[in-house]
Amino acid sequence: MNHLITPHGGSLVNLLVDEERRNVLRDLSLHLRSITLSERQLCDLELLMNGAFSPLRGFMTRPDYESVLDRMRLQDGAVWPMPICLDVTKVEAGRLEAGQSVALRDPEGFMLAVMHVEEVWLIDKKREAQAVYGTTDITHPAVDYLFHHTGSHYVGGRVEGLQMPLHFDFKQLRLTPLEVRATCAKLGWRRVVGFQTRNPLHRSQFEVTVRAMRQARANLLLQPVVGRTKPGDIDYYTRVRCYQAVSRHYPPNTMLLSLLPLAMRMGGPREALWHAIIRKNYGCTHFIVGRDHAGPGANLEGNPFYQPYEAQELVKQFKDEINIEIIPFEEMVYVPEKAQFIPRSEVDNDETVKTISGTVLRKLLRSGLEIPPWFTFPEVIAELRKAYPPRHKQGFTVFFTGFSGSGKSTIARVLLSQFLEIGDRPVTLLDGDIVRTHLSSELGFSKEHRDINVRRIGFVASEITKNRGIAICAPIAPYSLTRRQVRQMIEQYGGFIEVHVATPLEVCEQRDPKGIYAKARAGLIKGFTGIDDPYEVPENPDVRIDTTELTPEEAAQEVLLELQRQGYLK
Ligand code: PPS
């Protein structure tokens, strides 16, 4: 295997400068503008700097970008299907011009590289979406990213790298293209087949890799993506533990596990071609392209964005030019009669087939049901169960909202006692008054301050929920949008049960346990919720309780029953 030759015949790019130049750039940076990179931009920069994106030497300038859009080639003719561009806001773009240099920094402020700006231009997003992804439908994750999370302008120019983005996890598994090539050479591997994945390796994918190794008489580079993948994917910490476990099922010294900090676009055929070029840069001689490679799923009408074998067709078309053998694979299915996975087209008419989709797998995990051993390895099941406990083991937040005096705090205290009696999770009560004493003592009751207060509660509750505890929150939380934001913060980690304590204002005012309504009516307190400040009634709470005719215990029971219905209590 040649150690320096890239798909395009040139040498592997390395944008990291030597120490002397680094010092010059550090001194220069005192006078430079800075751009703080997003997660995706950091991934792109890392792969530019370490040569995985060879022959690119920086973020694309407009002629390369236009050429990639129009013909999947750089201006000089080299095959390259994906725009690698640095986007900035209109304001930032206004401060940049050709000839200037800018410091590229990570979110903590570390300077990773300097870019020498050659061009700044306004993005025609519709044109880019149509050219690269074949659609302007925002259900496609890359189109959504382009339309909603990408600045208005691109900045192109050569990059000089000072320092690789920092990673503190799985360091031994983060190999650069040069390190992968050197390891393969040391192991005496001359033929290496690359496998790309963003999912745990189950038995069917394992079978694909083993068949590919046999077919190509090659060793395996298992290269899972640990940058940005498809929203909703299994987190990479869990996946990497799964890959490490499955690695032990290959014969000794036949495969290498190496993590790829790539920001995927889910761009189907163009993305598959891009993946093949990247793998060639890592030293692969062969690359596996599966069914629906890097597919973004279906659009709102349920139709796939790309045909299942479109990616294979495109990569095959360019394989000679990019100098890598493609190993195409169709869908693998399990045939119980044979007790093995085989390609769907090889199944006989009288044989049964079994498959489990990602959606079904998630359902099985959520409900704690058995995952059949034919589907995956016991170690993988154990890891997935740790990451996706059934609901009765997940954390959750009970979020009360309602007028002052509606009974929120009292019901919250009853619930606190009930959860402590059950005793299976740690419980924290974040009552309005407690929070205003310990977390938000500097805040008043303007809309802005109430929103800050409620979002702080949401943040603390989301941390508790993430760590599988129970958070009980009881602020007034008068605004729908803020409540919705809190729900979003929490639901990514566990349950969110919104309880509207809908006791009418007259009853709350009559109760007036703190004498605070009397003060508000007398004009001694301004902007009091329900008196001279708004309360937006929740439209679809999980529970709505009017405590006028209920004891606190009866009200708490309604919440407990809802928690049980949703599966959070056994
Ligand atoms: S919010 O809107 O969610 O931030 O309010 P919260 O943190 O729950 O605080 C509500 C308690 O503060 C007392 N209080 C007021 N409430 C509403 N409006 C105004 N202007 C106000 N000033 C003081 C009120 O007694 C609330 O107590 P609870 O526990 O809800 O009865």
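Counting starts at 1 for both ligands and their atoms, following the listed order.
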What are the atoms of ligand 1, with element, lying closer than 4.0 Å to any heavy atom of Lys526?
-> 20 (N)
Heavy-atom proximity to atom 7 (O) of ligand 1, best of Lys408, Arg436, Arg483 = Arg436
Between Ser34 and Arg105, do the side chains contain an N or O donor and an N or O acceptor separated by less than 3.5 Å?
-> yes
If we number the atoms of ligand 1 from 1 as shown, the ones under 4.0 Å from a heavy atom of Gly405 are 31 (O)
Please check if the side chain of Arg511 supplies one atom and the backbone of Gly405 the other of a donor-acceptor pair under 3.5 Å.
-> yes
Identify which of Tyr535, Phe445, Tyr479 has a heavy atom lying nearest to atom 14 (N) of ligand 1.
-> Phe445
Any nitrogen or oxygen of Gly527, main chain or side chain, under 3.5 Å from a nitrogen or oxygen of ligand 1?
-> yes
Run the numbers for me: atoms of ligand 1, each under 4.0 Å from some heavy atom of Asp433, listed by number.
-> 27 (O), 29 (O)
Within less than 4.0 angstrom of ligand 1, does Asp533 place any heavy atom?
-> no
Hey, are Tyr237 and Asp169 close enough side-chain-wise for a donor-acceptor pair under 3.5 Å?
-> yes
Do NZ/NE/NH1/NH2 and the carboxylate oxygens of Glu562 and Arg565 come within less than 4.0 Å?
-> yes
Distance (rounded to the nearest 0.5 Å) between Ile470 CD1 and Leu563 CG | 8.0 Å
Mind checking whether Pro475 has an N or O less than 3.5 Å away from an N or O of ligand 1?
-> no
